[in-house]
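Below, each value reflects all heavy atoms present in this structure, side chains not excepted, and no hydrogens, waters or symmetry copies. Remember, predicted model here, so these are calculated numbers, not experimental data. In what follows, residues are counted from 1 in the order of the sequence shown.
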Amino acid sequence: MLEYRFDTQLLIAGENLSEDEINEYITKNFEGDCLLAVGDDELVKVHFHTNAPWKVLEYCASLGDIHDVVVENMERQANGLQG
């Protein structure tokens, strides 16, 4: 069994985005691991393993327009099922 089930990935399009601020907020406010927040002030890709992907999506949507959203259940994938 995995500690964090959902691989959450998305892009945030906006203005004055900060990789560092996004990284810090997610780290302080959500349980998970394998966080990546990379990009520039107009587009940031977020990748995070968590049990509550909806919280990450809600936060990221507050920063700009989210798109290319992917949430995969890694536990199902580990069991040979579609994620």
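Cluster annotation: Val56 is connected to Val69 through the hydrophobic network of ILVMFWY side chains, with a link wherever side-chain heavy atoms come within less than 4.5 Å. A chain of hydrophobic side-chain contacts below 4.5 Å, direct or via other Ile, Leu, Val, Met, Phe, Trp or Tyr residues, connects Leu10 to Val71.
In this structure, Tyr25 and Phe30 have side chains that are in contact, with non-hydrogen atoms separated by less than 4.5 Å. Residues Glu3 and Asn51 form no side-chain contact, since every pair of their non-hydrogen atoms from C-beta on lies 4.5 Å or further apart. No side-chain heavy atom of Tyr59 sits under 4.5 Å from any side-chain heavy atom of Asn29. Val44 has its side chain out of reach of Leu63: every pair of non-hydrogen atoms, C-beta onward, lies at least 4.5 Å apart. Considering only heavy atoms from C-beta on, Val46 stays 4.5 Å or farther from Thr8 through its side chain.
How far CZ of Phe48 is from CG of Asp33: 7.0 Å, rounded to the nearest 0.5 Å. Between the CG atom in Leu35 and the CG atom in Asn23 there is a gap of 4.5 Å [rounded to 0.5 Å]. Here Leu17 contributes atom CG and Glu15 contributes atom CD; the two are 8.5 Å apart, rounded to the nearest 0.5 Å. Here Glu72 contributes atom CD and Phe6 contributes atom CZ; the two are 11.0 Å apart, rounded to the nearest 0.5 Å. A distance of 4.5 Å separates CG in Leu11 from NE2 in His67, rounded to the nearest 0.5 Å. Note that CD of Gln77 is 11.5 Å distant from CZ of Arg5, once rounded to the nearest 0.5 Å.
Side-chain atoms of Gln9 do not come within 3.5 Å of backbone N or O of His47 as any donor-acceptor pair. A donor-acceptor pair is defined here as one N or O able to donate and one able to accept, closer than 3.5 Å; such a pair exists between the side chain of Thr50 and the backbone of Glu31.
In this structure, Ala37 and Ile22 approach most closely via the heavy-atom pair CB-CG2, 4.0 Å.
Glu75 CD: more than 12 foreign heavy atoms inside a 6.0 Å radius.
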